[in-house]
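Count residues from 1 along the sequence.
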Amino acid sequence: MTAVETQVQYQSSYMMTSTEEYMIQEEDWDRDLLLDPAWEKQQRKTFTAWCNSHLRKAGTQIENIEEDFRNGLKLMLLLEVISGERLPKPDKGKMRFHKIANVNKALDFICSKGVKLVSIGAEEIVDGNVKMTLGMIWTIILRFAIQDISVEETSAKEGLLLWCQRKTAPYRNVNVQNFHIRTTSIPSHYFFMHLCDDPIGNLNTAFEVAEKFLDIPRMLDAEDIVNTPKPDEKAIMTYVSCFYHAFAGAEQAETAANRICKVLAVNQENERLMQEYEKLASELLEWIRRTIPWLENRVPEQTMPAMQQKLEDFRDYRRVHKPPKVQEKCQLEINFNTLQTKLRLSNRPAFMPSEGKMVSDIANAWKGLEQVEKGYEEWLLTEIRRLERLDHLAEKFKQKCSLHETWTAGKEELLSLKDYESASLMEIRALMRKHEAFESDLAAHQDRVEQIAAIAQELNELDYHDAATINARCQGICDQWDNLGTLTQKRRDSLERVEKLWETIDQLFLEFAKRAAPFNNWMDGAMEDLQDMFIVHSIEEIQSLITAHDQFKATLPEADKERMATLGIQNEILKIAQTYGIKLTGENPYTNITPQDISNKWEAVKQLVPMRDQMLQEEVARQQSNERLRRQFAAQANIIGPWIQTKMEEISHVSIDIAGSLEEQMSNLKQYEQNIINYKSNIDKLEGDHQLSQEGLIFDNKHTNYTMEHVRVGWEQLLTTIARTINEVENQILTRDAKGISQEQLNEFRASFNHFDRVRKNGMMDPDDFRACLISMGYDLGEVEFARIMTLVDPNNTGAVTFQAFIDFMTRETAETDTAEQVMASFKILASDKLYITVEELRRELPPEQAEYCISRMTQYVGADVPTDALDYISFSSALYGESDL
């Protein structure tokens, strides 16, 4: 027997059956060639109605079941409608042999479906044999309406009976045992009616409800069932099978609607996450776009306070404005990874953000921001050093100019005097010696003028804001110096012309002048050096100044001897004048330097020495304080830097460790995150020490290799790493729950991943290691197949495979997910097999929110003779899964 024959256990006398008792009954009927009149009436009515319920789909119907099938045309049409297949082209003639040929085509089609006809021939149908015609129709009903009914692996008849029993179980006084014992309360109870004592009323109400709401035509009258001791089993089974298929279709529609709601809910949530990502990405990129021009503004300020304000503004940006944006960037990456995981789990295409808003775009923009930020800070510090140097040089320039201008005051008038014209010989000689002393003094001041010019040039090179004033003053000094040189040469020439007229020169005055001038210059230089301003940045530099000062103090005894010797010459002059009664004019004719001048300047030098000692010691104290700040910062930085590195390594180990469940890993990571948050106070304290160092103009630290920038970058990387690692574990939990992966499977995946992660050892597997892992699992990989797999696990072409991507790949091919074809099939059920669905059908079958979502996104269906509200659900279903544009 065929499979179809085995399934159909209850058949009429017109079919082969495996039930002996049933065969015996049909054989008796064949011999009698008679049907119970009531049964025949019930079969005629039921079978006719059943046939018409299908023929109306083709726009026709029958009135007399034995007459309307005689030519075989409607019989073939009926088989085409219920089977959905095309039969051979019928003969159009009206002769008997044409009719027999058409009926034979129908009977051959029935036999092709695995049904063996017994005692039914085309001649009997053409001749209008009622019994054979009814038997043939019953065969068709069994094959196409009842045979496929199966409940808990029972046969068709038993399954239909079991279905009736289950559906009527909740009702009192209902006990369905078979299909031929009269049970007048079954239909009414079964079709939603309350219990009452009116069987005919119950049946009529049930038939009317079925015809109105279930589109089941009335196949029997209530009196046919109530007034017949044993209603025809075939008629009852035919009628009940229609109810079975109606309710099965309703359940199928409900299942389809639920599937669509689920798919739409997932799609709506994904769209919300996409919109949220786009918003956050736009805001972060806009902030970066606004911030970079501010950091790129390198217009220097002209004063130190203005530049220090810029530095304070930058610190405020680093402390207040940037940290929230770091969190936003981290959260954006977490949201993006979570969204991609949800899309993969729901079999949706990966989310592609708008142009310029990819995670890589944001990372590049952030990298550009940090590069500009680093350059801005370096520029600020450089500018502060430059302004500090400028202020020092400007003050030094002013001091030297003041000394020089004091010295040159009146020199031009003196050189322009004609006093030698009326002077005596002695006076001429004195004037000559005096002029020679002036020339010596003038040469000694040449170095100071060169220093003034050099300082002015350096101020110009460093772009001093008041360079015009500096240049004007320097130019005036240089012009005056050139004029002095010219006047000096003219006066020498004049004195030399009259020098031969005068011969006597006081050697002692001359010697005094010659010794007093350099000593006086030495004291001027000493006072200048003792009052000279200095700038140092380390203890070594101030110690160098102290050493130089000590060396200077060591020369004071020799200088004092020179002072005494110079003053001794003057004393000798006074002694000679007193001895020989020489009347002195009171002034040395060869120099303007008097012994009192030398004494006064010597006293001034002795007073300046302890003052210089005090200034140097104060600077020593300041540098020692700076050194303490350096050591204090270095002590903390040398602890915090290794701590951050250690935490990074511990987090990396946790992320690749297979010990414990994902929840335990999540708990450990959360504990790490809390410890990191608690450690923030140490970073803040280090920031405070760093600020004190910068306020003290400390720009280097030999006690540590860690700068504040290193610590900041490490801290930000630590926060990003712990957040990203937590997100990866959350995605693994999400994948595990969605894919039904056990903890043991995850541990096996992790063990395989860790075993083959031989290069990086950081949770990122190289492509070569990934290939070796796949080969060890039995994959037969060619270059093309491996390239295809790499596009799945590394869509961004980063050159590495993450553990999350590895899990997704290992579970993707076995996962049971919704597809576009399943959604299309569900819509087709709701649309009653049409290629379009109407607005009314959507609102009737789906919840309001999902219905309006579909209506707003489905396109108008284009076709002939379709309603105006027809919508294209096929393109909509494809768009849900990225196969077309929504």
Is Arg771 paired with Glu783 through a side-chain N to carboxylate O contact shorter than 4.0 Å?
->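 Judged by the 4.0 Å cut-off on N to carboxylate O distance, Glu783 and Arg771 do form a salt bridge.
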Name all residues meeting the salt bridge (charged side-chain N to carboxylate O under 4.0 Å, His left out) criterion together with [X]; count only those two or more places apart in sequence or in a different chain, and write none if there are none.
| X | result |
| --- | --- |
| Lys367 | none |
| Lys357 | Glu278 |
| Glu80 | Arg86 |

Using the side chain to side chain contact (heavy atoms under 4.5 Å, CB included) criterion, which residues pair with [X]? Sequence neighbours excluded.
| X | result |
| --- | --- |
| Thr60 | Leu55, Lys74, Leu77 |
| Lys834 | Ala831, Ser832, Tyr836, Glu841 |
| Ser83 | Glu85, Phe109, Phe144 |
| Ile855 | Val839, Leu842, Arg843, Glu852, Leu871 |

Sequence-distant partners of [X], side-chain hydrogen bond (donor to acceptor under 3.5 Å, both in side chains), two or more places apart:
| X | value |
| --- | --- |
| Asp794 | Thr798 |
| Glu730 | none |
| Thr859 | none |
| Glu716 | none |

Tyr277: ring-ring contact (aromatic ring centres under 6.0 Å, His included) partners, not counting sequence neighbours |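 Scan of Tyr277 (ring-ring contact (aromatic ring centres under 6.0 Å, His included), adjacent residues dropped) gives Phe336, Phe351.
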